[in-house]
Amino acid sequence: MTAPAPVRTLVVPRAGQLDIEESVLPPLPPGRFRARTLVSGMSAGTELTWYRGTSPYLRAGWDAELGMFDPDRPAAGFPVQQLGYMEVAEVTDSRTAAVAEGAVVAMAYGHATAVQADPRTQHVVPLPPGLDPLLGIYVAHLGPICVNGLLHAAADVGGTDLRDGVDGRLVVVTGGGPIGLLVGLLARVHGAAEVVVVDPTPERRAAARALGLGAVDDTPEPARDLKVRWRHGPADHGADVAFQCRGTGSALATALRCLRPQGTVVDLAFYTGGAGEVDLGEEFHHNGLAVRCAQIGRVPRGLGHRWDRRRLSAETLALLAAHGPAIRAQLVTDVVPFDAAPVLFAELSARRRHVLTAALRV
């Protein structure tokens, strides 16, 4: 068997601290491959919940069978030893015909300088020659999250393909982070009549405009202006569909206010602080609205025979092939050495630094 190999991994030993831990990968058995990381992307919203100690997994145990958090089950605890899900690596050793040595692949294994993986149980996406590895960080997980959002919008109107939920429709995206911007771009590519991103951060609104999307501040109230402009008929104003991509209750409330009667919010956000700003007795009730969660662990019910993680990744690759330079220019705002990760996390957590996508280069 191939000899053991050293690996360095980012771990969170306690809230507010990030360390680099050194260990050794075991000998490589048959059926697996080993790869060295080229670049590891950071999904700030999710990863900072672990860094700050606010993840719901730290408060209660997840009962996967019943699909609920149970305070009587053991919760996850510190140290957090796997952080992140946006990796690109070069295969250095392979004992499986499924993955060739020398291939560059996208995976989701966390911030580590190397990985040993089994393609029978892990999602491995070979990247096409010439694709910038910095774009490859979106292929295995974050891009599929966005594609799955459009798929849920399609299913909401009885469709089966990405175009069905946005073609010719007026689209609002609340939250101009990487997920919001990629969702907005996907909606535009698949025929949306207009896409408007709502976000309070000037840099994110500028990135949205550079991608060919509309952009407005979330203060003052944006819903009234959009509804006045988007008139379908008497007492029928607003967006056909809203994609909620920012983990705050105020953003969800804005998404609901922007919708036309009987519209749907497709929700891709992660609410670690709850959603107390949402009043279900207001627009949600009076306009007959719906909220549909698009969670990456599930494609819409009934579409599993047509859509899986591999196809979601393939759609991500198609988007990168068509719009890669613009995505690279607007979304990948910070590229830092792997060893600089502790400083990066500390600055982001303290809000001393703003990023869209940060990438750790190994």
What I'd like to find out is whether the side chain of W307 reaches to under 4.5 Å of the side chain of E315, using heavy atoms alone.
yes
Just by distance, do the side chain of R306 and the backbone of T160 share a donor-acceptor pair under 3.5 Å?
no
Distance-only, no hydrogens or angles: does the R59 side chain make a donor-acceptor pair with backbone N or O of T54 under 3.5 Å?
yes
Contact between R36 and V362 at the side-chain level, heavy atoms closer than 4.5 Å - yes or no?
no
Shortest non-hydrogen contact from V278 to L256?
CG1-CD1, 3.9 Å
Any chance you could measure L356, atom CG, to I179, atom CD1, to the nearest 0.5 Å?
12.0 Å
Between Y57 and F69, what is the ring plane arrangement, given parallel below 30°, perpendicular above 60°, and tilted in between?
perpendicular
Minimum side-chain heavy-atom gap T357-L142 below 4.5 Å:
no
Are there more than 12 heavy atoms of other residues, nucleotides or ligands under 6.0 Å from atom CZ of R224?
no
Closest approach of V88 and L127, non-hydrogen atoms and distance?
CG1-CD1, 3.8 Å
Could you tell me if S94 and E101 have a donor-acceptor pair between their side chains, going purely by distance under 3.5 Å?
no
What's in the same ILVMFWY side-chain cluster as F270, cut-off under 4.5 Å, chained through other members?
none
Under the salt bridge (charged side-chain N to carboxylate O under 4.0 Å, His left out) rule, what do D199 and R205 come out as? Steps first, then yes or no, please.
CA-CA 6 Å; D199 195 278; R205 296 197 302 272; 5.6 Å; no
Look at the side chain of D308 and the backbone N and O of R311, then say whether any donor-acceptor pair between them is shorter than 3.5 Å.
yes
When you group the ILVMFWY residues by side-chain heavy-atom contacts below 4.5 Å and let the links chain together, are Y138 and V197 in the same group?
yes
Side chains of H237 and R229: closer than 4.5 Å at any heavy-atom pair?
no
Flag the pair W230 / D240 as yes when at least one side-chain heavy-atom distance between them is below 4.5 Å, and no otherwise.
no
Holding to salt bridge (Lys or Arg N to Asp or Glu O under 4.0 Å), I want the full list of residues that pass it with D167, two or more places apart in sequence or in another chain.
R163
Please determine whether residues V115 and I20 belong to a single hydrophobic cluster, defined as Ile, Leu, Val, Met, Phe, Trp and Tyr linked transitively by side-chain heavy-atom distances below 4.5 Å.
no
Is the side chain of H286 donor-acceptor paired with the backbone N or O of G281 at a distance under 3.5 Å, no angle test?
yes
Considering all heavy atoms of both residues, which atom of L312 and which atom of P144 are nearest to each other, and what is their separation?
CB-CB, 3.6 Å
Taking N148 for the side chain and Q295 for the main chain, is one N or O donor matched with an acceptor at less than 3.5 Å?
yes
Apart from L66 itself, what residues make up its hydrophobic cluster when side-chain heavy atoms of I, L, V, M, F, W and Y under 4.5 Å apart count as a link, directly or indirectly?
M68
R8 backbone acceptor or donor facing T113 side chain under 3.5 Å
yes
Are the side chain of S313 and the backbone N or O of V139 linked by a donor-acceptor pair below 3.5 Å?
yes
I need the minimum non-hydrogen distance between V124 and P119, along with the two atoms involved.
CG2-CA, 4.3 Å
Would V125 end up clustered with L134 when hydrophobic side chains under 4.5 Å apart are linked, directly or stepwise?
yes
Heavy-atom donor-acceptor pair, T9 side chain to A112 backbone, under 3.5 Å
no
Is M86 reachable from V80 through a run of I, L, V, M, F, W or Y residues, each pair having side-chain heavy atoms under 4.5 Å apart?
no
Roughly how far apart are R328 CZ and L135 CG, rounded to 0.5 Å?
7.5 Å
Would you list the atom pairs, donor with acceptor, under 3.5 Å between side chains in residues 342-352 and any protein atom, with sequence neighbours excluded?
{"residue": "E347", "atom": "OE1", "partner": "R353", "partner atom": "NH1", "Å": "3.0"}
{"residue": "S349", "atom": "OG", "partner": "R52", "partner atom": "NE", "Å": "3.2"}

Tell me if a side-chain donor or acceptor on Y271 pairs with a main-chain N or O of G247 at a distance below 3.5 Å.
no
Give a yes or no on whether the backbone of G238 and the side-chain of H232 come within a donor-acceptor separation of less than 3.5 Å.
yes
In the structure I gave you, are the side-chain heavy atoms of R309 and I296 within less than 4.5 Å of one another anywhere?
yes
Does a donor on one side chain and an acceptor on the other come within less than 3.5 Å for T201 and H354?
no
Between K227 and E283, is there a salt bridge with N-O shorter than 4.0 Å?
no
Does R310 have more than 12 heavy atoms from other residues, nucleotides or ligands lying within 6.0 Å of its CZ?
no
Report, as yes or no, whether the 6.0 Å neighbourhood of atom CD on E277 holds more than 12 heavy atoms from other residues, nucleotides or ligands.
yes
With heavy-atom distances below 4.5 Å as the criterion, would you say the side chains of V241 and R169 are in contact?
yes
Does D118 pair with R120 as a salt bridge, N-O distance under 4.0 Å?
yes
Considering all heavy atoms, the nearest V12-L83 contact
CG2-CD2, 4.0 Å
Answer with yes or no whether the hydrophobic clustering places Y85 together with L360; edges join I, L, V, M, F, W, Y residues whose side-chain heavy atoms lie under 4.5 Å apart.
no
Heavy-atom pair of closest approach, residues L280 and H285
O-CB, 3.2 Å
Determine all donor-acceptor pairs shorter than 3.5 Å in which one atom belongs to a side chain in residues 102-111; sequence neighbours excluded.
{"residue": "Y109", "atom": "OH", "partner": "T37", "partner atom": "OG1", "Å": "2.6"}
{"residue": "H111", "atom": "ND1", "partner": "S40", "partner atom": "OG", "Å": "2.6"}
{"residue": "H111", "atom": "NE2", "partner": "E47", "partner atom": "OE1", "Å": "2.7"}
{"residue": "H111", "atom": "NE2", "partner": "E47", "partner atom": "OE2", "Å": "3.4"}

Quick check: do R204 and L181 have side-chain heavy atoms less than 4.5 Å from each other?
no
For residues 207-218, please give each side-chain donor-acceptor pair under 3.5 Å, one per line with the distance, not counting sequence neighbours.
{"residue": "R209", "atom": "NH2", "partner": "A215", "partner atom": "O", "Å": "3.2"}
{"residue": "D217", "atom": "OD1", "partner": "T219", "partner atom": "N", "Å": "3.3"}
{"residue": "D218", "atom": "OD2", "partner": "R246", "partner atom": "NH1", "Å": "3.3"}

